[in-house]
Visitor: 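Sending over a structure as structure tokens; questions will come in a sec.
Small disclaimer: the values here were computed from a predicted structure and weren't measured. Just so you know, ligand 1 is whichever comes first in the structure, and atom 1 is the first atom listed for that ligand.
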Amino acid sequence: MIVLGIESSCDETAAAVVEDGRLARSDVVATQVELHRKWGGVVPELASRNHVMQVLPVVDEALARAGVAPAELDGIAVTSGPGLVGALLVGVQVAKALAAAWEKPLVGVNHLEGHLVAAFLGEKPPAFPFLGLVVSGGHTSLYAAEDFGRYRLLGSTRDDAAGEAFDKGAKLLGLPYPGGVAIDRLAKEGNPAAIRFPRAIVRGAELDFSFSGLKTALLHHVRAHGVPAGPALADVCASYQEAIVRALVQKLFRAARRLQFERVVLAGGVAANSRLRAAVAAEAAGYEGMEVTLPAPRLCTDNAAMIAVAGTHALLRGERAGAGLAADAGWRL
Ligand code: KG4
Ligand code: ZN
């Protein structure tokens with residue numbers, strides 16, 4: 001079964017061809033990072049306009065690299081939410097037009113489900129059920145994944161997403177967007193115990209996250225000591241990153257213990273963070289029989305192959321979207 005995936009929910013225009021929900025025959029991502037960098041974050045209007053320019057060339061390239069003709073496709077899957085509405089609309093309209101022109105079945109895919117199933121493109125895919133942590137620029141959510149298309153939300157962030165905490169923290173430190181990558185790199189030279197930032201704990205809601213207090217603590221630190229440079233900058237990055245990672249690891253394994261999961265899967269752009277990956281692997285080593293799936297960093301950040309994987313299983317379940325498929329910016333999984 002060969003499915004074309006299309007993704008345009010944020011600042012990457014992506015298309016991919018996936019075989020049997022497992023093998024990415026092609027995986028093309030046209031990133032807009034450079035375009036948004038000078039604004040310090042994603043500008044929705046710029047994102048939409050750029051998707052319009054990129055989407056057809058990106059789809060053409062995905063088909064060409066896969067060596068697949070439109071006639072050979074078994075279906076088209078497109079991210080229809082959540083995300084920036086103008087950005088989502090570009091992918092959805094193009095997918096509808098192509099599905100009509102090529103007479104192919106179409107499904108709308110939830111971007112978060114895409115992240116959760118990205119691990120199936122790796123060499124050792126997880127088995128269901130698993131505990132999935134989606135940590136990206138827009139989301140920080142913990143899911144019980146029971147099967148393709150069946151997810152239960154266990155907890156999420158009350159305020160900023162983990163990626164947002166990285167990006168806003170980086171901005172305060174004068175680092176370039178996207179901040180997670182910059183902090184990850186600088187933190188390698190720093191001491192994670194140099195500064196005691198507050199733990200991101202939410203009272204009462206045991207599996208929820210909160211990162212806004214941490215961001216405020218960093219702001220106070222910068223106000224009190226100035227924007228650090230050199231080794232002091234590395235120490236601040238390492239300590240700030242450590243506070244985010246500790247909160248994520250604590251909640252992830254609290255859920256695993258409580259709900260008796262034996263498999264955890266990381267997903268989303270922040271899952272590319274080297275410290276988070278190491279900390280999750282180290283924590284899991286203390287649990288007998290605990291399996292951890294850390295998809296390759298390229299599969300963690302936004303891509304269309306993960307959308308094609310989720311779409312393949314939706315098509316197999318018989319789901320079909322019609323010409324009425326709409327972008328749903330606030331679609332909750
Ligand atoms: O999943 P993604 O590509 O897009 C969304 O759906 O949001 O995630 C982007 C987020 C950004 O906040 C970026 O700073 C963060 O992922 N990120 C990282 C790393 N690579 C990307 N955060 C920490 N460490 C990284 N290595
Ligand atoms: Zn994403």
Side-chain angles (χ1 to χ4, degrees), residues 5-14 16 27 29-33 36-37 40-42 44 47 51 78-84 87-88 91 109-119 132-141 143 156-157 160-173 175-188 190 192 211 214-215 237-238 240-249 265-280 294-307 309-310 329-331 333:
I6 300 175
E7 152 69 39
S8 69
S9 67
C10 189
D11 62 346
E12 330 271 6
T13 319
D27 182 7
V29 179
T31 181
Q32 304 178 5
V33 160
H36 298 284
R37 180 164 288 153
V42 179
H51 284 309
V78 63
T79 305
S80 54
L84 302 168
L88 287 165
V109 168
N110 185 299
H111 182 81
L112 298 175
E113 176 176 19
H115 276 302
L116 281 168
V117 301
L133 176 65
V134 183
V135 272
S136 71
H139 301 274
T140 298
S141 300
Y143 287 97
S156 57
T157 181
D160 291 345
E164 235 175 325
F166 273 109
D167 295 343
K168 289 178 175 174
K171 210 169 174 175
L172 285 173
L173 295 170
L175 300 173
Y177 171 85
V181 182
I183 290 182
D184 191 351
R185 187 167 35 78
L186 281 162
K188 291 198 166 86
F211 294 104
L214 179 60
K215 180 187 64 192
C237 286
Y240 186 74
Q241 171 176 273
E242 195 63 16
I244 298 173
V245 166
R246 280 287 129 226
L248 294 172
V249 169
V265 174
L266 254 56
V270 178
N273 183 268
S274 59
R275 178 71 194 119
L276 177 62
R277 297 170 78 88
V280 168
L294 304 168
R298 198 185 184 306
L299 293 173
C300 292
T301 49
D302 284 351
N303 65 82
M306 67 187 196
I307 303 304
V309 173
W331 186 4
L333 181 66

Visitor: Evaluate salt bridge (charged side-chain N to carboxylate O under 4.0 Å, His left out) for Lys168 paired with Asp160, printing each intermediate quantity in order.
Guide: CA-CA 9 Å; Lys168 289 178 175 174; Asp160 291 345; 3.2 Å; yes
Visitor: Could you grab the distance from atom CD1 of Ile183 to atom SG of Cys237, nearest 0.5 Å is fine?
Guide: 5.0 Å
Visitor: Rounded to the nearest 0.5 Å, how far does NE2 of His36 lie from OH of Tyr177?
Guide: 7.0 Å
Visitor: Report yes or no: do Asp302 and His115 form a side-chain donor-acceptor pair below 3.5 Å?
Guide: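 Yes, side-chain donor-acceptor contact under 3.5 Å.
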Visitor: What pair of heavy atoms forms the shortest contact from Pro295 to Leu266, and how long is it?
Guide: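 Nearest heavy atoms, Pro295 then Leu266: CD-O, 3.1 Å.
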Visitor: Going by chain and residue number, what protein N/O/S atoms come nearer than 2.8 Å to the Zn ion (ligand 2)?
Guide: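 Less than 2.8 Å away from the Zn ion (ligand 2) sit His111 NE2, His115 NE2, Asp302 OD1.
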Visitor: Between the side chains of Glu7 and Asn303, does any donor sit under 3.5 Å from an acceptor?
Guide: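 No.
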Visitor: Near ligand 1, which residues have a heavy atom under 4.0 Å away from one of its atoms?
Guide: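 Lining ligand 1 at under 4.0 Å, by heavy atoms, one finds His111, His115, Ser136, Gly137, Gly138, Gly163, Phe166, Asp167, Pro178, Gly180, Val181, Asp184, Gly268, Gly269, Val270, Ala272, Asn273, Cys300, Thr301, Asp302.
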Visitor: Between Ser8 and His51, does any side-chain donor sit less than 3.5 Å from a side-chain acceptor?
Guide: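 No, His51 and Ser8 have no side-chain donor paired with an acceptor closer than 3.5 Å.
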Visitor: Side-chain contact, heavy-atom cut-off 4.5 Å: Val78 with Val109?
Guide: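 A side-chain contact under 4.5 Å is absent here.
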Visitor: Between Cys10 and Leu84, what is the shortest heavy-atom contact and its length?
Guide: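 It is CA-CD1, 4.2 Å.
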